[in-house]
Each structure stands twice: as structure tokens, then as C-alpha cells.
Amino acid sequence: MIHADLFCRIIDNYGDIGVCWRLARQMAAEHGWAMRLWVDDLAVFARLEPRLDPGAARQAVGGIEVVHWTQPAPDLAPADVVIEAFACDPPPAYVHRMQDSLRRPAWINLEYLSAEPWIDNCHALPSPQPSGLVKYFFFPGFTEGSGGLIRERGLTAARDALQAGPAARAAWLRETGIEPRDDRLVTLFCYPDASASVLADVLAQDERPSTLAVAHGVAPYLRAGERGALRIARLPFLSQPGYDRLLWCADLNFVRGEDSFVRAQWAARPMVWHIYPQAQAAHIDKLHAWLAREPAPLAGRELNAAWNGETGRDGLAQRLRAALAPAAWQDWRRHARAWSDRLAAQDDLAARLAAFCRTLRESRP
Ligand code: TRH
């Protein structure tokens with residue numbers, strides 16, 4: 001059995017721990033790895049995983065060992081595989097112990113997801129360290145040449161079952177506090193600078209009635225209630241599987257960051273991505289790299305660009321109306337399914353990571 005340490009430093013929000021918790025569970029469940037997850041902020045983690053005790057230094061949750069990554073760090077022997085998420089640098093004393101190990105661990109830096117073409121050239125490259133250890137880049141991505149996307153076994157089948165069953169859909173919506181209706185369901189998870197009020201205005205004036213399900217803590221100025229053709233519902237913070245189900249139930253998903261962005265692609269429904277803002281507007285290149293790869297109809301691509309601030313509020317309203325117009329909408333819907341199927345035909349990230357680590361371990365003494 002492979003023992004792995006996965007290091008997660010929570011920079012902000014839920015994406016860092018969201019990705020790591022998902023990956024830890026999948027490596028254990030599908031590849032039989034014994035996972036130890038190091039997390040520096042257990043309070044944030046506990047929002048995502050209510051079974052977690054934020055006061056415990058070490059604990060087992062759902063078969064995963066969770067270690068509170070304090071300063072100084074707990075003095076633990078390195079595992080066979082060491083994964084640092086998003087270049088978070090394992091503790092120096094731990095790295096010294098890696099150096100001294102009889103059989104040096106396979107060391108992976110799990111990078112941020114990007115659709116940029118250079119990813120394929122850098123994925124799996126070695127990065128020799130001053131210590132003599134070698135760290136390997138692992139780049140999640142959309143191509144066969146990248147590290148792939150996190151997708152649990154059985155995920156798309158579970159999605160298909162829910163999308164094919166109106167009763168199951170209605171039951172799940174009720175559980176989240178939304179009384180199901182025969183209208184357009186839009187979910188909203190975005191950063192504070194999104195023009196969410198424009199979205200609400202356009203939906204309120206649209207011919208077709210909509211429900212806008214707003215994620216916990218997002219756009220607090222959008223109060224629950226009805227106006228025009230729009231009903232606004234405020235959601236509690238859902239479990240990760242629960243949030244997946246919500247995305248599957250919806251007609252259109254507004255998502256953000258990294259993990260919800262990937263999950264919306266598995267929902268196989270039209271989606272709008274609010275990308276995490278970076279210095280020097282580096283995120284705009286990333287956004288366009290994804291739009292160039294993901295061949296959505298023009299109206300969908302233009303809406304994504306407008307949602308990320310490339311047009312003013314009027315431009316956004318106009319693009320929203322264009323994307324929701326019946327012919328454009330049907331086209332976008334068909335496309336979203338085809339794009340999701342195309343991605344799902346590739347090996348998932350966990351399978352690629354397991355294979356990569358196997359090769360690394362077999363090639364060293
Ligand atoms: O929360 P995010 O914005 O996370 C991040 C961080 O900002 C991080 O620093 C940055 O590096 C990264 O994005 C790119 O968005 P993200 O990535 O979508 O993560 C949200 C997680 O929260 C995801 O795992 C889904 C989960 N979630 C729930 O479990 N329940 C909910 O109700 C919602 C709305 C989300």
C-alpha cells in the first residue's frame with residue numbers, strides 16, 4: 001500500500017482545501033492509498049467537512065488521517081509519496097527527513113489548473129532541489145498531455161441518473177430549501193466584484209421565469225424573494241456532493257475559482273466562470289485559454305468574457321439576453337453536454353497521478 005502525505009495551505013476561500021479533500025478521498029477510495037492530509041486551517045476545513053474536529057491535532061475522518069499543520073510542524077516520518085498542493089512548501093524539517101530517508105519519497109507539486117497550452121510542456125517535468133531531492137510538477141489540465149481533471153469514478157453516472165429523474169431532482173432541491181418549479185434554475189457562486197445585480201435584473205425581466213439559487217455568503221445584496229420573472233433563493237453552505245447535485249439540477253451554473261469550475265463541467269450544463277483574479281491580470285489570459293479550448297457557441301463565450309468584466313454592465317446585460325435567447329440557448333445546452341462527454345473520455349487526474357507515481361517509484365532504487 002502506498003502511504004502519501006498531502007500538504008494543503010489554505011490561502012483563502014474554499015478552493016485549496018476543496019481540491020485537496022476531494023483528491024485525498026479519491027486516492028484512498030479508488031487507488032487504495034493511505035492518505036495523510038496536512039492542513040493549516042482546520043476551521044475553514046470544518047466548513048467543508050462537518051465531521052472534522054477543528055481542535056484536534058490529529059484525527060481520522062472518513063478513512064483519511066488529518067494532521068493539523070502547525071508551526072512548528074508535527075514531527076512525522078515522510079510517506080512514500082509527498083504531494084504539496086499549489087507549491088505550498090512542506091515544512092523544512094520534514095524535507096530534511098525526506099533527504100535522509102532510505103528510499104526517497106516521490107515528491108509532487110500539484111499545480112493550479114490552467115487551460116494554457118504551455119501546461120503540457122511543463123507537466124511531469126523534474127525540478128531538482130538544492131537539497132538533492134527532485135520535485136515533479138503535476139499540472140491539472142484539459143488535455144491528454146496534462147495531469148487531467150479530478151473526476152471520481154461513478155460521478156457522471158450519478159449525474160445522469162439525477163438528470164433523468166425529475167422526482168430525485170425535486171427531492172434534492174427541496175432538501176436545499178428550494179421549492180422546485182418548472183422554471184429555469186440558475187446557480188450563482190462568484191467573487192464579490194461580479195455584477196450579480198445585472199444577472200438578477202436580466203432574469204427578472206426575461207420572458208421565461210427563473211429561480212436564482214445563490215450560494216451561501218455570495219452577493220448578500222440579493223435578498224430572497226420574488227420580483228418580476230425571478231425568484232431568488234438563498235442557499236445554506238452545501239456539502240461537496242450536495243453542491244454537485246445542485247449543479248446537476250440547474251440549467252445554468254455560475255461558478256468560480258478552480259474546484260467549482262471543474263464540477264460545473266461535469267454537470268454538463270451551460271456555465272459561466274468567474275475566474276480568480278491575479279496580479280497583472282494574468283487571469284484574463286487563463287480565461288481566454290479556456291474559452292479557446294472549450295468550443296462553446298459564441299454567445300456563451302461572450303457572456304463568460306463579460307462576466308469577468310470585459311464589457312460594462314450594459315454589455316453584460318446584452319450578452320446575457322443574447323445567450324438566453326432560445327436558439328442560442330439550445331445550442332449552448334447541446335454543446336455543454338458534448339464538452340463534458342469529451343472531457344470524461346480522458347483518464348481522470350487521480351488515475352494519472354497514481355500511474356505517474358508508480359513509474360517514479362519503479363524507476364528509483
Ligand atoms: O472558494 P474558491 O474561490 O476557492 C479558491 C481559492 O480562492 C483559492 O485560493 C484559489 O487558489 C482557487 O479558488 C483557485 O472557489 P472553488 O475553487 O470553486 O472552491 C469552492 C469549494 O467549495 C469547492 O470545493 C466546492 C465547495 N462548495 C461546497 O462544498 N458547498 C457550497 O455550498 C459551495 C458554494 C461550494
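Note that the coordinates shown come from a computational prediction; the quantities given were computed from them, not determined experimentally. Each residue takes its place number in the sequence, starting with 1.
The side-chain heavy atoms of Arg337 and Asp341, taken from C-beta on, include a pair separated by under 4.5 Å. Here the side chains of Leu6 and Cys8 are not in contact, with every heavy-atom distance at 4.5 Å or above. The shortest distance between side-chain heavy atoms of Leu42 and Gln59 falls below 4.5 Å. Val19 is not listed as a side-chain neighbour of Val262, based on a closest heavy-atom distance of 4.5 Å or more. Counting heavy atoms from C-beta outward, Arg22 and Leu349 have side chains that stay 4.5 Å or more apart. Side-chain contact check for Cys88 versus Trp69: some heavy-atom pair is nearer than 4.5 Å. Under the 4.5 Å side-chain criterion, counting only non-hydrogen atoms from C-beta, Asp53 is not in contact with Val61. Under the 4.5 Å side-chain criterion, counting only non-hydrogen atoms from C-beta, His123 is in contact with Phe138.
Judged by distance alone, the side chains of Arg313 and Ser197 do bring a donor and an acceptor atom under 3.5 Å apart. Side chain to side chain, Glu294 and Asn304 fail the donor-acceptor criterion of an N or O pair below 3.5 Å. If you check the side chains of Asp5 and Tyr94, you find a donor sitting under 3.5 Å from an acceptor.
Listed for the Gln163 side chain is a donor-acceptor partner under 3.5 Å among the backbone atoms of Ala267. Remark: side-chain polar atoms of Asp259 are not paired, donor with acceptor, to backbone N or O of Gly15 under 3.5 angstrom. Here the side chain of Gln280 pairs no donor or acceptor atom with the backbone of Ala282 at under 3.5 angstrom. Side-chain atoms of Tyr276 do not come within 3.5 Å of backbone N or O of Tyr191 as any donor-acceptor pair. A distance-only check finds a donor-acceptor pair linking the side chain of Asn308 to the backbone of Ile275 [under 3.5 Å]. No donor-acceptor distance shorter than 3.5 angstrom exists from the side chain of Asp347 to the backbone of Arg352, with no hydrogens or angles considered. Using modelled atom types, one side-chain atom of Gln240 and one backbone atom of Gly18 make a donor-acceptor pair closer than 3.5 Å. Using a distance-only test at 3.5 Å, with no hydrogens or angles considered, a donor-acceptor pair links the side chain of Arg269 to the main chain of Trp248. Glu84 places no side-chain N or O within 3.5 Å of a backbone atom of Phe7 that could act as its donor or acceptor partner. In this structure, Gln99 contributes its side chain and Leu133 its backbone to no donor-acceptor pair below 3.5 Å.
Remark: Asp40 pairs with no residue by the salt bridge (Lys or Arg N to Asp or Glu O under 4.0 Å) rule, at least two apart or across chains. The side chain to side chain donor-acceptor pair (under 3.5 Å) search around Ser127 returns Gln129, not counting sequence neighbours. Here Thr211 pairs with Asp183, Arg231 under the side chain to side chain donor-acceptor pair (under 3.5 Å) rule; sequence neighbours left out. Residues satisfying the side chain to side chain contact (heavy atoms under 4.5 Å, CB included) criterion with Ile284, sequence neighbours excluded, are Ala281, His288, Glu310. For Pro295, the side chain to side chain contact (heavy atoms under 4.5 Å, CB included) criterion is met by His335, Trp339, Arg342, not counting sequence neighbours. Take Ala224 and apply the side chain to side chain contact (heavy atoms under 4.5 Å, CB included) test, not counting sequence neighbours, and it matches Arg234. Judged as a salt bridge (Lys or Arg N to Asp or Glu O under 4.0 Å), and not counting sequence neighbours, the contacts of Asp75 are Arg97. Remark: Phe86 pairs with Tyr112 by the ring-ring contact (aromatic ring centres under 6.0 Å, His included) rule, at least two apart or across chains. Under the salt bridge (Lys or Arg N to Asp or Glu O under 4.0 Å) criterion, Arg263 pairs with Glu152, Asp244, not counting sequence neighbours. Remark: Arg333 engages Asp251 in a salt bridge (Lys or Arg N to Asp or Glu O under 4.0 Å) (not counting sequence neighbours). Residues passing the side chain to side chain contact (heavy atoms under 4.5 Å, CB included) test with Ala204, sequence neighbours excluded: Arg227, Leu230.
Side-chain heavy-atom separations under 4.5 angstrom define the hydrophobic clusters, and the remaining members of the one that includes Ile119 are Trp118, Leu125, Phe137, Phe139.
Going from atom CG of Leu149 over to atom CD of Gln265 covers 7.0 Å, rounded to the nearest 0.5 Å. Leu110 contributes atom CG, which lies 7.0 Å from atom CD1 of Ile150 (distance to the nearest 0.5 angstrom). One finds the CG atom of Leu353 at 8.0 Å from the NE2 atom of His31 (value rounded to the nearest 0.5 Å). Once rounded to the nearest 0.5 Å, the distance linking CG of Asp285 with NE2 of His283 reads 9.5 Å. With rounding to the nearest 0.5 angstrom, the CG atom of Leu199 is 5.5 Å from the CG atom of Leu320. Here the CZ atom belonging to Arg174 is positioned 4.5 Å from the CD atom belonging to Glu179, to the nearest 0.5 angstrom.
Considering all non-hydrogen atoms of both residues, Ala344 and Thr156 come closest at CB-CG2, 4.3 Å. The two residues Leu247 and Asn253 have their closest heavy-atom pair at O-ND2, 3.0 Å. The minimum heavy-atom distance linking Ala85 with Asn109 is given by the pair C-OD1, 4.5 Å. Across all non-hydrogen atoms, the minimal contact from Glu30 to Arg153 is OE2-N, 2.8 Å. Thr311 approaches Leu316 most closely through the heavy-atom pair OG1-N, 3.2 Å. Residues Gly145 and Asp120 approach most closely at C-OD1, 3.8 Å, considering heavy atoms.
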- [ ] Test side-chain hydrogen bond (donor to acceptor under 3.5 Å, both in side chains) on Thr143 and Arg293 and set out the steps.
- [x] CA-CA 9 Å; Thr143 59; Arg293 217 175 263 297; 5.6 Å; no
Task: Trace of the side chain to side chain contact (heavy atoms under 4.5 Å, CB included) decision for Trp107 with Val134 - done: CA-CA 7 Å; Trp107 187 1; Val134 179; over 6 Å; no
- [ ] Begin from the C-alpha positions of His3 and Arg36 and carry the test side chain to side chain contact (heavy atoms under 4.5 Å, CB included) through to its verdict.
- [x] CA-CA 8 Å; His3 288 79; Arg36 193 162 61 180; over 6 Å; no
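Ring geometry for Phe261 against Trp273 counts as parallel: the plane angle stays under 30°, on a 0 to 90° scale with 60° as the upper cut. Ring geometry, Trp21 versus Phe45: the interplanar angle exceeds 60°, so the pair is classed perpendicular (tilted spans 30 to 60°).
Under the 4.0 Å criterion applied to side-chain N and carboxylate O atoms, Arg181 and Glu226 are assigned as salt-bridge partners.
Both cation-pi conditions hold for Arg151 and Trp266: the charged atom is under 6.0 angstrom from the six-membered ring centre and inside a 45 degree cone around its axis. Within the cation-pi definition used here (under 6.0 Å to the ring centroid, within 45° of the axis), Arg47 does not qualify as a partner of Tyr14.
Both Leu324 and Phe254 sit in one connected hydrophobic cluster of ILVMFWY residues. Membership requires side-chain heavy atoms under 4.5 Å apart, directly or through other members.
Within 6.0 Å of the CG atom in Asp100, the count of heavy atoms belonging to other residues, nucleotides or ligands exceeds 12.
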